[in-house]
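Before any comments, here is the structure.
Any value given below was found using the heavy atoms of this structure, including those in side chains, with hydrogens, waters and symmetry copies removed. In this chain, numbering begins with 1 at the start of the sequence shown.
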Amino acid sequence: RNIQKFLMQLVKTLLIFSIAVGLGFLVEAIGATRESTIMLFLLAVLFTTITTKSFLYGLFSSFLSVAMFNYFFTIPRYTFLIYRKTDSLLLFFFLITTIIAGVMMSKLQEQIKIASSNEKISKLICDVATSFLNLTEKKGVIEAAINYTYNYTGLCSKITINGIHGKEIFKDPHCSEILFPIQLKE
């Protein structure tokens, strides 16, 4: 399973970078500068980080983007040699930029995931609270609490109220074994 996921992510990454190289040749053919071409590789890093949802693939793609840009778009072409000092600086700053952009995109994805989880929890709390608004009797409130406990946690519960009139016991009708006992005093 992990190998299949790894291969799928690798294929996505290589596909994105193949498209970036193709577009780079197209941009170069219409006479744009190398700086325009390098932006395609920055976008490739961002797309890789987004589609793989992985910081490590983003980091890998940062190094891959520098290597591919160097190989295809710097002189001498189709080698990893760098003859011009300006190309060395350009590639160094580009590497730093892509790493920072990849890290930021990865952190943004984490925050989106957290926000989505928080939204679901907030909606659940609102739904539960709203459903209790119409309940007026103690028995109805307790039964609703037991049902919500079971429905949203899978836990079986029993509520025992020690009151002035003796013990009242409310059990979860779904379960024979109680895993979540609650004792209350009236």
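A distance-only check finds no donor-acceptor pair linking the side chain of Ser117 to the backbone of Lys113 [under 3.5 Å]. A donor-acceptor pair under 3.5 Å links the side-chain atoms of Ser122 to the main chain of Asn118, judged by distance alone. Between the side chain of Glu168 and the backbone N or O of Ile161, no donor-acceptor pair lies under 3.5 Å. Side chain of Asn151 to main chain of Asn147: a donor-acceptor pair is present (N/O by atom type, distance under 3.5 Å, no hydrogens or angles). At least one donor-acceptor pair closer than 3.5 Å links the side chain of Asn70 to the backbone N or O of Phe80. Between the side chain of Thr98 and the backbone N or O of Leu95 there is at least one donor-acceptor pair closer than 3.5 Å.
Taking 4.5 Å as the limit, some side-chain heavy atom of Phe17 sits within range of a side-chain heavy atom of Thr13. Arg34 places a side-chain heavy atom less than 4.5 Å from the side chain of Asp87. Contact of the Ile121 side chain with the Leu124 side chain is not registered, since no non-hydrogen atoms from C-beta on lie closer than 4.5 Å. In this structure the side chain of Thr52 never reaches within 4.5 angstrom of the side chain of Met8, judged on heavy atoms.
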Practice problem: Output, in order, the C-alpha distance, side-chain angles, deciding distance and verdict of side-chain contact (heavy atoms from CB on, under 4.5 Å) for Leu64 and Met68. | Solution: CA-CA 6 Å; Leu64 181 64; Met68 290 183 88; 3.8 Å; yes
Exercise. Would you check, one step at a time, whether the test side-chain contact (heavy atoms from CB on, under 4.5 Å) holds for Phe69 with Leu90?
Key: CA-CA 11 Å; Phe69 181 79; Leu90 177 69; 4.0 Å; yes
Self-check item: Derivation and outcome, salt bridge (Lys or Arg N to Asp or Glu O under 4.0 Å), residues Glu28 and Arg77
Solution: CA-CA 13 Å; Glu28 188 179 61; Arg77 286 184 179 235; 2.2 Å; yes
Exercise. Take Arg84 and Ser88 through the test side-chain contact (heavy atoms from CB on, under 4.5 Å) and record every step on the way to the result.
Key: CA-CA 7 Å; Arg84 294 190 260 183; Ser88 297; over 6 Å; no
Quiz item: Are Tyr148 and Ser131 close enough, and set up right, to give a side-chain hydrogen bond (donor to acceptor under 3.5 Å, both in side chains), and what steps lead you there?
Solution: CA-CA 10 Å; Tyr148 274 112; Ser131 72; 2.8 Å; yes
Practice problem: Would you please test Asp172 and Lys158 for side-chain contact (heavy atoms from CB on, under 4.5 Å) and show each step? | Solution: CA-CA 6 Å; Asp172 192 328; Lys158 173 177 87 172; over 6 Å; no
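The distance from atom OG of Ser106 to atom CG of Leu46, rounded to the nearest 0.5 Å, is 11.5 Å. One finds the CD1 atom of Ile142 at 9.5 Å from the OG1 atom of Thr160 (value rounded to the nearest 0.5 Å). A distance of 11.0 Å separates OG1 in Thr48 from CE in Met105, rounded to the nearest 0.5 Å. Between the CD1 atom in Ile38 and the CG atom in Leu91 there is a gap of 6.0 Å [rounded to 0.5 Å]. Distance CD1/Ile99 to CG/Leu59: 5.5 Å, rounded to 0.5 Å. How far OG of Ser65 is from CG of Leu40: 11.5 Å, rounded to the nearest 0.5 Å.
Here the closest heavy-atom approach between residue Val21 and residue Phe73 is recorded as O-CZ, 3.7 Å. Of all heavy-atom pairs between Val45 and Gly58, the closest is CG1-O, 4.0 Å. Closest approach of Ile146 and Pro173 over heavy atoms only: CG2-CD, 4.4 Å.
Under a hydrophobic-cluster definition in which Ile, Leu, Val, Met, Phe, Trp and Tyr are linked whenever side-chain heavy atoms come within less than 4.5 Å, directly or via other members, Leu42 and Val103 are assigned to the same cluster. The hydrophobic cluster containing Phe92 does not contain Ile82, counting ILVMFWY residues as joined when their side-chain heavy atoms lie under 4.5 angstrom apart, directly or transitively. Under a hydrophobic-cluster definition in which Ile, Leu, Val, Met, Phe, Trp and Tyr are linked whenever side-chain heavy atoms come within less than 4.5 Å, directly or via other members, Leu43 and Phe41 are assigned to different clusters. Residues Leu14 and Val66 fall within the same hydrophobic cluster, defined by Ile, Leu, Val, Met, Phe, Trp and Tyr side chains chained together at heavy-atom separations under 4.5 Å. With hydrophobic clusters built from ILVMFWY side chains whose heavy atoms lie under 4.5 angstrom apart, Leu56 shares a cluster with Phe6.
Within 6.0 Å of CZ in Phe94 there are more than 12 heavy atoms belonging to other residues, nucleotides or ligands. Under a cut-off of 6.0 angstrom, the local environment of CD in Glu35 is crowded, with over 12 non-hydrogen atoms contributed by other residues, nucleotides or ligands. Within a 6.0 Å sphere centred on CZ of Phe132, other residues, nucleotides and ligands contribute more than 12 heavy atoms. The environment of CZ in Phe25 is crowded: more than 12 heavy-atom neighbours from other residues, nucleotides or ligands sit within 6.0 Å. Residue-environment remark: CG (Leu7) exceeds the threshold of 12 foreign heavy atoms within 6.0 Å.
For the residue pair Tyr57/Thr51, the side-chain donor-acceptor check at 3.5 Å is not satisfied.
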